[in-house]
Amino acid sequence: MSLTAKDKDTVRTFWAKVSANAEAVGADALSRMLVVYPQTKTYFAHWKDLSPGSAPVKKHGATVMGGVADAVANIDNLTAGLLDLSELHAFTLRVDPANFKILSHNILVVLALMFPSDFTPEVHVSMDKFLSAVALALSEKYR
Amino acid sequence: MVKWTDFERATIQDIFSKIDYGVVGPAALSRCLIVYPWTQRYFGGFGNLYNAAAITSNPKVAAHGKVVIEGLEKAVKNMDDIKSTYKDLSVLHSEKLQVDPDNFNLLADCLTIVVASQMGAAFTPQVHAAFQKFLAVVVASLRKQYY
């Protein structure tokens with residue numbers, strides 16, 4: 001299920017529309033994930049406030065979307081482009097990779113909510129493939 | 001026995017009273033067939049599913065999308081015993097249709113995305129959580145009779 005040239009174009013075009021609001025997307029996706037999939041809160045026990053839209057959630061949502069922006073820029077070689085992030089997640093954060101799927105789903109829900117006319121089925125499939133490819137690149141250094 | 005809070009109950013009733021079954025059902029099913037093309041394996045008799053445009057305009061897909069969402073309405077009307085309400089549907093999906101139950105989650109995700117795009121900011125994290133819980137119960141009930 002690798003990214004075709006068409007997928008990459010679709011992702012880049014859609015991302016150009018989204019990127020101005022990337023921080024808001026990240027904050028909403030992360031807020032949502034912590035509420036809808038409460039088991040994910042276990043990774044953020046060190047935050048004072050895990051409620052939707054809180055300061056740490058907003059800050060971290062922006063960080064995550066910065067990573068997604070990097071991934072878009074490195075879409076032709078995600079494994080190489082995300083190597084440092086993969087090492088971070090594998091050795092320091094040790095996030096179970098199953099959670100990448102959960103966050104990806106929440107990002108897609110927020111994109112659908114914020115960009116209903118742009119998030120067509122064709123854009124949806126390319127973005128889903130892209131986020132799966134990002135998750136795979138992030139899992140690279142795990143074992 | 002699933003315990004629903006007042007908020008969850010009200011939220012599910014509210015969502016299903018507001019959405020247009022004729023729009024959301026077909027949109028969710030066609031999105032599922034487009035985003036997860038292997039799900040097309042269950043719809044061999046539906047004719048042209050060659051590309052997104054064909055799927056979106058396919059009348060059999062639209063009709064079946066409506067059937068699916070009307071099936072969900074049974075759960076909405078019987079939230080306190082979705083398991084028994086869905087016993088026959090579970091047997092149907094397992095014995096006759098022979099659907100891999102992992103596909104239920106794929107359709108559920110597409111339905112969530114369609115409802116989110118319809119509701120916009122009203123689909124808050126709390127509303128989303130209630131909807132997710134409802135779909136999880138529906139999926140578990142549909143899986144129940146598989147052996």
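Computation of the quantities below employed the complete heavy-atom set of this structure, encompassing side-chain atoms and omitting hydrogens, waters and symmetry-equivalent molecules. So that the names make sense, note that chain A is the first sequence line, chain B the second, and so on, each numbered from 1.
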message = Evaluate M79(B) against V137(B) for side chain to side chain contact (heavy atoms under 4.5 Å, CB included), listing each step before the verdict.
response = CA-CA 9 Å; M79(B) 279 177 76; V137(B) 173; over 6 Å; no
inquiry  = Walk me through whether F134(B) and F16(B) qualify under ring pair (Phe, Tyr, Trp, His ring centres under 6.0 Å).
reply    = CA-CA 12 Å; F134(B) 172 73; F16(B) 279 84; 5.6 Å; yes
ask   = Going through the distances and angles, do F130(A) and W15(A) end up as a side chain to side chain contact (heavy atoms under 4.5 Å, CB included)?
value = CA-CA 11 Å; F130(A) 169 66; W15(A) 183 253; over 6 Å; no
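Taking every heavy atom of both residues into account, V36(A) and P125(B) meet most closely at CG2-O, 3.7 Å. When every heavy atom of A27(A) is checked against every heavy atom of V57(A), the shortest pair comes out as O-CG1, 3.8 Å. Closest non-hydrogen pair, V127(B) versus A122(B), comes out as CG2-O, 3.8 Å. Between A62(B) and P26(B), the shortest heavy-atom distance links the atoms O-CG, 3.4 Å. The minimum heavy-atom distance linking V61(B) with L33(B) is given by the pair CG2-CD1, 3.9 Å.
Using a 4.5 Å cut-off between non-hydrogen atoms, no part of residues 68-95 of chain A approaches chain B. Taking non-hydrogen atoms and a 4.5 Å limit, the residue list of residues 136-143 of chain A in contact with chain B is empty.
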If you check both backbone and side chains, which donor-acceptor pairs between chain A and chain B fall under 3.5 Å?
residue : atom : partner : partner atom : Å
R32(A)  : NH1  : F123(B) : O            : 2.9
R32(A)  : NH1  : H128(B) : ND1          : 3.0
R32(A)  : NH2  : F123(B) : O            : 2.7
Y37(A)  : OH   : Q132(B) : OE1          : 3.4
F119(A) : O    : R31(B)  : NH1          : 3.2
F119(A) : O    : R31(B)  : NH2          : 2.9
H124(A) : ND1  : R31(B)  : NH1          : 3.0
D128(A) : OD2  : Y36(B)  : OH           : 3.4

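Note on residues 46-80 of chain A: pairs passing ring-ring contact (aromatic ring centres under 6.0 Å, His included), not counting sequence neighbours, are F44(A)-W47(A), F44(A)-H60(A), W47(A)-H60(A).
V99(B) places a side-chain heavy atom less than 4.5 Å from the side chain of F104(B). Put simply, the side chain of V25(A) reaches to within 4.5 Å of the side chain of V18(A), judged on heavy atoms.
Proximity to chain B (any heavy atom under 4.5 Å) is restricted, for M1(A), to the side chain, taken from C-beta onward.
Shown are L113(A), V110(A), L108(A), L111(A); of these, the side-chain contact (heavy atoms from CB on, under 4.5 Å) with I113(B) is made only by L108(A).
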